[in-house]
Colleague: 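My questions will all concern the structure given below.
These values consider heavy atoms only, across backbone and side chains, with no hydrogens, waters or symmetry-generated copies. Computed from a predicted model, the values in this text were never measured in an experiment. Chain letters run A, B, ... following the sequence lines, proteins first, then strands; residues in each count from 1.
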There are 2 protein chains.
Amino acid sequence: MSSTHTHSKKSQSLTKNQRIVLDLLQNSGEPLKAYFILDSLKKEGLNSPLQVYRALDKLVELGKIHKIESINSFIICNNSNCAKNTAFTICERCGKVKEIKNRDLTGGVSDLVKDNQLEITRYNLEFYVLCKSCKIN
Amino acid sequence: MSSTHTHSKKSQSLTKNQRIVLDLLQNSGEPLKAYFILDSLKKEGLNSPLQVYRALDKLVELGKIHKIESINSFIICNNSNCAKNTAFTICERCGKVKEIKNRDLTGGVSDLVKDNQLEITRYNLEFYVLCKSCKIN
DNA sequence: TCACATATGTAATAATATAACACTTAGAGG
DNA sequence: CCTCTAAGTGTTATATTATTACATATGTGA
């Protein structure tokens, strides 16, 4: 255990701003909006939108969170190794969001895009649904 | 041809604002942003964002155009009967957008969402790709 | 120690979208 | 023809979401 020190803790070390934004999303488990995150973290020292957006950008890049485009919100990633791929169901009635498991998607996605001259680099899939409980009531 | 007059031409008649916005998107064939549409149609008498957004909302509702959420843009629908479902490929390099044909999706989509207690009401699928020509160059 | 990439803090501003309100128009139905 | 109503219009103001620009700080690797 002597010569592996070269690639350091880069991968596990988030900066302070990245860490507190990630923690908030982690604890919430729900999609949150950037300015809500800002408000929530005022007491932790976040003062400007840019501090939030920068942290969010980085966390998205690392695949730790996802952006749900159609509601301008960010949510913790529940899969491992999504990279930047996202797939969610969003209940049209109650707004509840659930991430679709990676393993449920593998294969199926590329089948959807029949043109094999294209190379899919990532995807963003948003399924609007009636969730179980909204369907009943 | 006497007693069918009750449900009139409602379905084909767009208002002036809806018409000029639709025409612009039709002629362009590319995704356009709301404020670009506004600028382009100043000479036709559009003065405020709201006039554009109202027309866009209606056209989306009618299924004549789609919103591409991740780029805040609107594009003419190339399918018939998409309803509000959207599926696009977007080239990460050149930005070119193509709508995926309905018939390529049928069936496949619901397979992706394994939880059959959910009822999919509509979907928004955005596949980021390298398009043919960007892949070569 | 120096250099470099990355992150920070802050102010200003851009880009996207909606609220509120008064008024108009088109079509349904008597 | 008249009136009611739903839908659309025009306008001003404002809310929400996101980025530019710039000066400073910090960590890591040579």
Colleague: To the nearest 0.5 Å, how far apart are SG in A/Cys91 and CD in B/Glu119?
Modeller: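 Those atoms lie 10.0 Å apart.
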Colleague: Side-chain N or O of B/Gln51 less than 4.0 angstrom from OP1 or OP2 on D/dG10?
Modeller: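 Yes.
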Colleague: Side chain of B/Leu50: nearest nucleotide among D/dA21, C/dA19, D/dG8?
Modeller: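 For B/Leu50, the side-chain atoms sit closest to C/dA19.
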Colleague: Around atom CD of B/Glu30, are there more than 12 heavy atoms from other residues, nucleotides or ligands closer than 6.0 Å?
Modeller: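 For B/Glu30, atom CD is not crowded (no more than 12 foreign heavy atoms under 6.0 Å).
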Colleague: To the nearest Å, how far apart are A/Ile37 CD1 and D/dT16 C1'?
Modeller: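 Value for this atom pair: 14 Å.
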Colleague: When we call it a touch if two heavy atoms are under 4.0 Å apart, what does B/Ser48 touch: a base, just sugar-phosphate, or nothing?
Modeller: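 The answer is base, as B/Ser48 lies within the cut-off (heavy atoms under 4.0 Å) of a base atom.
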Colleague: Among D/dG10, C/dA7, D/dG8, find the nucleotide with the atom closest to the side chain of B/Gln18.
Modeller: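 Nearest nucleotide to the side chain: D/dG8.
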Colleague: What integer distance in Å separates A/Asp39:CG from D/dT17:P?
Modeller: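 To the nearest whole Å, that distance equals 11 Å.
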Colleague: Stacking between B/Tyr35 and C/dT16, defined as ring centres under 5.5 angstrom apart with planes under 30°, is that present or not?
Modeller: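 So yes, this residue stacks on that base, both cut-offs being met.
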Colleague: Verify the contact: side-chain N or O of A/Lys33 to OP1 or OP2 of D/dT17, cut-off strictly under 4.0 Å; return yes or no.
Modeller: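 For D/dT17, OP1 or OP2 has a side-chain N or O of A/Lys33 closer than 4.0 Å.
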Colleague: Please report, rounded to the nearest Å, how far the C1' atom of C/dG9 is from the CD atom of A/Glu44.
Modeller: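 For the pair A/Glu44 CD and C/dG9 C1', the rounded distance is 17 Å.
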Colleague: Return the value, rounded to whole Å, for the distance between atom CG of A/Leu14 and atom C1' of D/dG27.
Modeller: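 For the pair A/Leu14 CG and D/dG27 C1', the rounded distance is 15 Å.
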Colleague: Does a side-chain N or O of A/Asn47 approach OP1 or OP2 of C/dG9 to a distance below 4.0 Å, or not?
Modeller: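 The answer is no; no side-chain N or O of A/Asn47 sits under 4.0 Å from OP1 or OP2.
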Colleague: Pairing donors with acceptors under 3.5 angstrom, does anything connect the side chains of A/Tyr128 and A/Thr89?
Modeller: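 Distance-only check fails for A/Tyr128 and A/Thr89.
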Colleague: Report the C-alpha distance between B/Glu92 and A/Arg122 in whole Å, list the side-chain angles of each, state the deciding distance to 0.1 Å, and finish with yes or no for salt bridge (charged side-chain N to carboxylate O under 4.0 Å, His left out).
Modeller: CA-CA 9 Å; B/Glu92 286 216 289; A/Arg122 67 190 169 91; 3.0 Å; yes
Colleague: Rounded to whole Å, how long is the line connecting atom NZ of A/Lys42 with atom P of C/dG9?
Modeller: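 So the NZ-P distance, A/Lys42 to C/dG9, works out to 14 Å.
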Colleague: Counting only side-chain N and O atoms of A/Thr15, is one of them less than 4.0 Å from OP1 or OP2 of C/dT8?
Modeller: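 So the side chain of A/Thr15 is within the cut-off, an N or O lying under 4.0 Å from OP1 or OP2 of C/dT8.
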Colleague: Below the 4.0 Å mark, does D/dG27 have OP1 or OP2 next to a side-chain nitrogen or oxygen of A/Lys16?
Modeller: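 So the side-chain polar atoms of A/Lys16 never come under 4.0 Å of the phosphate oxygens OP1 or OP2 of D/dG27.
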Colleague: Side chain of B/Lys58 only, heavy atoms from C-beta on: which candidate in D/dT17, C/dT16, D/dG8 is closest?
Modeller: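 Of the candidates, D/dG8 comes closest.
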Colleague: If I take atom CG in residue A/Asn72 and atom P in nucleotide D/dT19, what distance separates them, rounded to the nearest angstrom?
Modeller: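 Interatomic distance, CG of A/Asn72 to P of D/dT19: 11 Å.
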Colleague: Out of D/dA21, D/dT9, C/dA17, which nucleotide sits closest to the side chain of B/Ala34?
Modeller: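 My answer, after comparing the listed nucleotides, is C/dA17.
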Colleague: In Å, rounded to the nearest 0.5 Å, how long is the span from NZ of A/Lys33 to OG of A/Ser40?
Modeller: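 One gets 13.5 Å once the value is rounded to the nearest 0.5 Å.
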Colleague: Map B/Ala55 and A/Phe74 onto DNA chain D by nearest heavy atom, then report which one ends up closer to the 5' terminus.
Modeller: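 First, find each residue's nearest nucleotide; the 5'-ward one identifies B/Ala55.
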Colleague: Whole angstroms only, please: what is the CG-P distance between A/Leu46 and C/dT8?
Modeller: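 Result: 9 Å.
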Colleague: Could you give the distance from CG (A/Leu25) to CG (A/Leu32), rounded to the nearest 0.5 Å?
Modeller: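 Output value for this atom pair is 5.0 Å.
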Colleague: From the options D/dA18, C/dT10, D/dG8, select the nucleotide whose nearest atom is closest to the side chain of A/Arg54.
Modeller: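 It is C/dT10.
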Colleague: What is the distance from CG of A/Leu56 to P of D/dT17, rounded to the nearest Å?
Modeller: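 Atom CG in A/Leu56 sits about 12 Å away from atom P in D/dT17.
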Colleague: Closest approach to the side chain of B/Pro49, judged atom by atom: which nucleotide of C/dT16, C/dT18, C/dT10 is it?
Modeller: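 Closest nucleotide among those given: C/dT18.
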Colleague: Are D/dT19 and A/Tyr53 stacked, with the base six-membered ring and the side-chain ring centres under 5.5 Å apart and planes under 30°?
Modeller: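 So no, this residue does not stack on that base, at least one cut-off failing.
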